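Predicted model, so just to flag it, every value in this text is computed and none were measured.
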Amino acid sequence: SSDVQDRFSGTDIANHLIETCGVSTSRQAVRYALEKEKSVAHKNKSGYKLMEPGRKKLLEQTQNDKVIFIEANKPFSAKNIALKDIFAGLKGETLICDPYIDIHTLDIVFKNSDKKKPVKILTENIIDKPTGTFSRHLTDLRNEGYKVEIGVYSSSDLHDRYIMDSKTFWLSGNSLNHLGNKESFIVCLGEDIRQSMSATFNNRWKVASKI
């Protein structure tokens, strides 16, 4: 029947998986999977239509996700408990992408990262208030032995916020320096997405201005 709805918004699909199917995932993770995995669904102005080959893949992806819920108005807990757990599980070089960073981002690296592990932070905007504060904090951090590189990628297509290493990919709903200010999620996504985003990160890092 032409009355049967076969296209839905990302939120509709996420709600169905969570509320009806009982899948432990987040709306953010589902929307991300729909956008990154083109084989999963066909999209037009009416919404997404799940393709048969994609149904199983999407369900498998979201069932394997680990979700950390960040409570509103608990920035200290978010930055000192949730992030500490994530960083503790990372191996080797850590890659961070966040469109907006400031001295609080550096503070997160200082408090949660092992100084033996190199950290690369890709960003579009460095919030430097008062002027010169960020560079002083970065110098201090490096003087403490932390191997932190900053790459400024001046492009409007830098939207995602994530942390990853060679095995794991964590997608964050908010910039790391504002975690806990409002309710959000940090979601561990699958290896296929990690590989894709690792390639994207490296391509952008090559052309980014290094600090």
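Here the closest heavy-atom approach between residue N112 and residue F87 is recorded as O-CB, 3.2 Å. Listed here is the closest heavy atom pair of K84 and K111: NZ-O, 3.0 Å. Closest approach of S175 and Y100 over heavy atoms only: OG-O, 3.8 Å. Shortest non-hydrogen contact noted between T168 and C188 is CG2-SG, 3.6 Å. The shortest heavy-atom contact between F134 and D128 is N-OD1, 2.8 Å. Shown here for L158 and P99, the closest heavy-atom pair between the two residues is O-CG, 3.4 Å.
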Taking it one step at a time, do E149 and K210 satisfy salt bridge (charged side-chain N to carboxylate O under 4.0 Å, His left out)? CA-CA 7 Å; E149 290 184 83; K210 310 304 189 298; over 6 Å; no
Check against side-chain contact (heavy atoms from CB on, under 4.5 Å), I96 and I108: CA-CA 11 Å; I96 298 172; I108 286 168; over 6 Å; no
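Between V109 and I121 the shortest side-chain heavy-atom distance falls below 4.5 Å. Annotation: side chain of T105 is not in contact with side chain of T123 (no heavy-atom distance under 4.5 Å). Between I211 and I126 there is a side-chain heavy-atom pair separated by less than 4.5 Å.
Taking CD1 from I86 and CG from D165, the interatomic distance works out to 11.5 Å, rounded to the nearest 0.5 Å. A distance of 6.0 Å separates CD1 in I186 from CD1 in I163, rounded to the nearest 0.5 Å. Atom-to-atom distance recorded for E93:CD and L95:CG is 5.0 Å, nearest 0.5 angstrom. Here the straight-line distance linking atom CG of L141 with atom NZ of K115 works out to 9.0 Å at 0.5 Å rounding. Expressed to the nearest 0.5 Å, how far CD1 of I103 lies from NE2 of H137 amounts to 4.0 Å. The line from OH of Y162 to OG1 of T200 is 6.5 Å long, rounded to the nearest 0.5 Å.
V207 and W205 fall within the same hydrophobic cluster, defined by Ile, Leu, Val, Met, Phe, Trp and Tyr side-chain heavy atoms under 4.5 Å apart, directly or through other members. I127 and F110 are assigned to two separate hydrophobic clusters, defined by single-linkage of ILVMFWY side chains at heavy-atom distances under 4.5 Å.
Between the side chain of S198 and the backbone N or O of R194 there is no donor-acceptor pair closer than 3.5 Å. At distances below 3.5 Å, at least one donor-acceptor pair connects side-chain atoms of K117 with backbone N or O atoms of L90.
Within a 6.0 Å sphere centred on NZ of K74, heavy atoms belonging to other residues, nucleotides or ligands number 12 at most.
Results of the side-chain contact (heavy atoms from CB on, under 4.5 Å) test with R161 over D98, L179, L176 single out D98 as the only residue that passes.
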